[in-house]
Amino acid sequence: MIHSDWGDWLPTTVAEADPDGVAIWYLGCNGFILKGHEGTTIFIDPYLGTGDPGRTLRMVPVPFDPDDVVEADALLCTHEHSDHVHGESQAPILANTGATMYAPDDSLAVAEEEGWAETWDVSQQQFHEVAEGDTLTVGEFDITVEVAHDPDATHPVSYVIDHDAGTFFHGGDSKPHEKFERVGEEYNIDLGVLAFGSAGMIPDKQTRVPKYTKWYADENEIIDAARALKLDRLLPSHWDMWKGLTADPTALHDHARRFEYPKRLEITEIGDCVSL
């Protein structure tokens, strides 16, 4: 069961918001909520679990109970890892709102294996498989499914989300790759999200023996990816989440200052709202 440290404050805030363009709330980990001026609401990778105590330990509050979400038009998932596809966090949102979940094949396989449709009141029609190159429209947002580079995932994707107010990019847990150069040339990305973290000794999932672990881009890698994507604004995510893998996003100012991109860092904490 999910227990929120903050009660229903955040979903109530989102429901009552009336943004001029697009409001974007950071949920900690790699989760976000986007709400446009027409009211269209999109969740991306919301994760409300506490991890696997003894191995992965959550370092930030659980910002809301998914049962308190009453407005959602779509839920986008970037890849199959448990902090990106998680039944207890996401299935109640689908059940309560009727939203469609868009995700690559291996992410939808998790929902099937966990029995979301049987455990929660979710219909199979709410699951929609996507792959690189797909385009879709959700209310006032036009979404393109793009490439990602996460060697730890089996089929990751990224999302380019266009709106009258600007273009938002979510790279999941991607590290830099030459394929992002095309993405940077093809889109004019106003605000992009990339995962950032440190390395640490984390117990192996099976053996529980601590081993060197580096899941996210480091200081130089995240700036390299942002440069390839030509991000006007870079919002580093995931740095706050796991004990032993946290990082200081303000350190990125020194790594970015000599480059044309990113032009600006958007440093946010869980619960913060930024505008597109």
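Residues: numbered from 1 along the sequence shown.
One finds no salt bridge joining Lys35 and Glu140 here, because no Lys/Arg side-chain nitrogen approaches an Asp/Glu carboxylate oxygen to under 4.0 Å. A salt bridge links Asp52 with Arg208: the closest approach of a Lys/Arg side-chain nitrogen to an acidic carboxylate oxygen falls below 4.0 angstrom.
No hydrogens or angles considered: nothing links the side chains of Thr246 and Trp242 as a donor-acceptor pair under 3.5 Å. With 3.5 Å as the limit, one finds a donor-acceptor pair spanning the side chains of Asp173 and Asn30. Remark: the Gln126 side chain and the Thr100 side chain contain no N/O donor-acceptor pair separated by less than 3.5 Å. The closest side-chain donor-acceptor pair between Asp45 and Thr78 falls under 3.5 angstrom. Using modelled atom types, one finds no donor on one side chain facing an acceptor on the other under 3.5 Å when comparing Glu146 with His170.
Taking the six-membered ring for Trp, Phe32 and Tyr26 have ring centres closer than 6.0 Å. Centroid-to-centroid, the aromatic rings of His84 and His238 come within less than 6.0 Å.
Looking only at side-chain heavy atoms (C-beta outward), His37 and Asp18 stay at 4.5 Å or farther from each other.
Distance check, rounded to the nearest 0.5 Å: CG of Leu265 to OG1 of Thr250 gives 9.5 Å. With values rounded to the nearest 0.5 angstrom, Ser158 atom OG is found 10.5 Å from Ile44 atom CD1. Summarising the geometry, atom CG belonging to Asp162 is positioned 9.5 Å from atom CG belonging to Asp164; distances are rounded to the nearest 0.5 Å.
In this structure, Arg227 is not positioned above the aromatic face of Tyr261 in the sense of NZ or CZ being under 6.0 Å from the six-membered ring centre and within 45° of the axis.
Partner of Thr213 under the side chain to side chain contact (heavy atoms under 4.5 Å, CB included) criterion, chosen from Asp152, Ile202, Thr56, Asp204: Ile202.
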- Task: Dump the intermediate steps for salt bridge (Lys or Arg N to Asp or Glu O under 4.0 Å) on Glu185 and Lys230, then the final yes or no.
- Result: CA-CA 8 Å; Glu185 292 292 337; Lys230 296 186 176 181; 2.7 Å; yes

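Between Phe141 and His163, the ring planes are tilted. Angles from 30° to 60° get that label.
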